[in-house]
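A quick write-up on the structure given underneath.
Residue numbering restarts at 1 for every chain, and letters A, B, ... go by the order of the sequence lines. Please read all numbers here as calculations on a predicted model, not as lab measurements.
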Amino acid sequence: MPELPEVEVVRRGLVSWVRGRTIESVDVLDPRSIRRHALGTEDFIGNLEGATVADVVRRGKFLWLPLLDASAGPAAGGAPANGRPAIALMAHLGMSGQLLVQDGAVPDEKHLKVRIRLSPGDGLPGQLRFVDQRIFGGLFVTSLVPTDDGGPGGLAESPLPLIAEEAAHIARDPLDPAFSFDLFYRRLRKRKTGLKRALLDQGLVSGIGNIYADEALWRARLHFARPTDTLRRAEAERVLGSARDVMLDALAAGGTSFDSLYVNVNGASGYFDRSLNAYGREGQPCQRCAAAGIHSVMRRDQFMNRSSHTCPVCQPRPRNGRW
DNA sequence: CATTCGTCCTGATAGC
DNA sequence: TGCTATCAGGACGAAT
């Protein structure tokens, strides 16, 4: 389940393999994987073929490749005179999406959805492949628009102050140097909802999914149903700091691979799942309580149609909790 | 307006 | 063995 650290691992991997290369041809093997491209398969392919990958940029869990259109100079019309990319290939990995850099001789993956053939590079693999089992993820082409907040964000600031239109509503993430805690806290306090709902809301803070939400809440000793409008500043700082720390740890470990669906661009899994303290630990002792000599068993609750893992001792349920 | 809910999907697994 | 039911969940549009 790719969340921010996993997407960032993919982004870093892609940069060295695809930046500066030209898209020669595209096969859409399953149109469901480009359903967010409203104009259809032909238009999708037409936008990509002949374009050159200028960069690989991320905001939250959205990843995109700004494209330079070689066929369209100022004379061809439609292209920006300053030579800046106007469109991007957008990717979201959803639940099970993978972006793999593969040699063309490698047999098609079972769930290969889109194949992108790249211009020959010096010993570089020839294809970028989008593989997705559950089809919650997808690819589409989108416009690049000016950002109103200084840049796309992420860990590697793009030199271009442009953001993919479909990612413009997404908030900055806790690892982003330009993330504003004050803005986050102000907006959090106005919400009438539970803390985990807020952490999962990509418009408030991005990059956090179910796994890292549970880990951040556990580290901060806060319950998922805690009403956001009662959170003290120190508590909000604690949970945001925990989210940042756990995602930095995961990034250093190459990402989490809980069920082997997530892999980096070379198909290798991260190993952060060995370090999880909450997610998937139902019925096992709470590590923090055990270290303090207290007996406590991690529990799992259904919440928002997904699982939430908490320690009943160090993350007590609030009396006026909001599910 | 803010918030919550239903929907999209497949494969692993449990239970009979 | 082979069937069915259940579960996993990110993001968006619809509903409240």
Side-chain angles (χ1 to χ4, degrees), chain A residues 1-8 10 28-38 58-64 90-99 109-114 130-140 142 164-171 173 184 186-217 224-231 243 247 255-263 269 273 276 278-283 299-309 320-323:
Chain A
M1 302 152 207
E3 301 179 29
L4 187 155
E6 292 73 36
V7 180
E8 177 63 16
V10 171
V28 176
L29 304 169
D30 187 341
R32 291 177 300 176
S33 286
I34 62 162
R35 66 183 155 209
R36 282 192 73 180
H37 190 89
R58 179 185 63 75
R59 176 176 279 208
K61 302 175 214 172
F62 284 87
L63 185 72
W64 66 92
M90 176 72 104
H92 198 293
L93 302 180
M95 284 291 296
S96 54
Q98 305 173 352
L99 281 167
E109 291 75 10
K110 184 177 179 189
H111 299 292
L112 178 62
K113 303 298 183 185
V114 180
F130 182 71
V131 176
D132 193 9
Q133 175 197 112
R134 294 181 195 164
I135 328 186
F136 272 33
L139 304 180
F140 55 97
T142 182
E165 197 167 17
E166 306 267 350
H169 64 295
I170 300 296
D173 65 65
F184 167 77
R186 270 201 307 278
R187 298 183 62 197
L188 184 73
R189 285 288 302 238
K190 285 184 195 157
R191 297 280 174 117
K192 296 258 185 250
T193 189
L195 179 54
K196 183 166 174 180
R197 272 200 150 87
L199 292 177
L200 293 174
D201 184 341
Q202 306 296 301
L204 184 63
V205 53
S206 70
I208 303 175
N210 200 45
I211 295 175
Y212 294 116
D214 279 5
E215 293 301 311
L217 289 165
F224 59 80
R226 175 66 182 275
T228 48
D229 55 358
T230 69
L231 263 198
M247 291 198 288
T256 297
S257 180
F258 194 71
D259 58 6
S260 84
L261 279 176
Y262 160 74
V263 293
S269 291
D273 52 300
L276 295 175
Y279 187 84
R281 295 200 72 250
E282 179 189 14
R299 58 176 287 162
R300 179 165 69 105
D301 292 289
Q302 285 302 116
F303 171 73
M304 289 176 75
N305 282 329
R306 61 203 68 190
S307 295
S308 284
H309 308 77
N320 299 314
R322 288 206 183 90
W323 291 58

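For A:R300, the side chain to side chain contact (heavy atoms under 4.5 Å, CB included) partners two or more places apart in sequence, or in a different chain, are A:E282, A:Q302, A:S307, A:H309. With sequence neighbours excluded, the residues forming a side chain to side chain contact (heavy atoms under 4.5 Å, CB included) with A:R187 are A:L183, A:R191, A:L204, listed by chain and number. Remark: A:H92 pairs with no residue by the side-chain hydrogen bond (donor to acceptor under 3.5 Å, both in side chains) rule, at least two apart or across chains.
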Indicate for each nucleotide in nucleotides 9-16 of chain C, in 5' to 3' sequence, whether protein heavy atoms under 4.0 Å reach the base (B), only the sugar-phosphate (S), or nothing (-).
BBSS----

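With respect to the salt-bridge test (charged N to carboxylate O, under 4.0 angstrom), the residues A:K196 and A:D214 qualify. Contact check on A:D132 versus A:R32 returns no salt bridge, with no Lys/Arg side-chain nitrogen under 4.0 Å from an Asp/Glu carboxylate oxygen.
The terminal axes of the helix from B:dA2-C:dT16 to B:dC16-C:dG2, fitted over 5 pairs per end, subtend an angle of 50° to the nearest 10°.
C:dA8 atom P lies 12 Å from atom CG of A:D214, rounded to whole Å.
Each of A:Q202, A:R58, A:K61 was checked for a side chain to side chain donor-acceptor pair (under 3.5 Å) with A:D173, and the lone residue meeting it is A:R58.
No engagement by A:R322 is indicated, since no non-hydrogen atom pair under 4.0 Å with the nucleic acid exists.
Aromatic ring pairs are classed by plane angle as parallel below 30°, tilted from 30° to 60° and perpendicular above 60°; the pair A:F224 and A:F303 is tilted.
For DNA chain B, the span of nucleotides reached by chain A at under 4.0 Å from its heavy atoms goes, 5' to 3', from B:dT3 to B:dG11.
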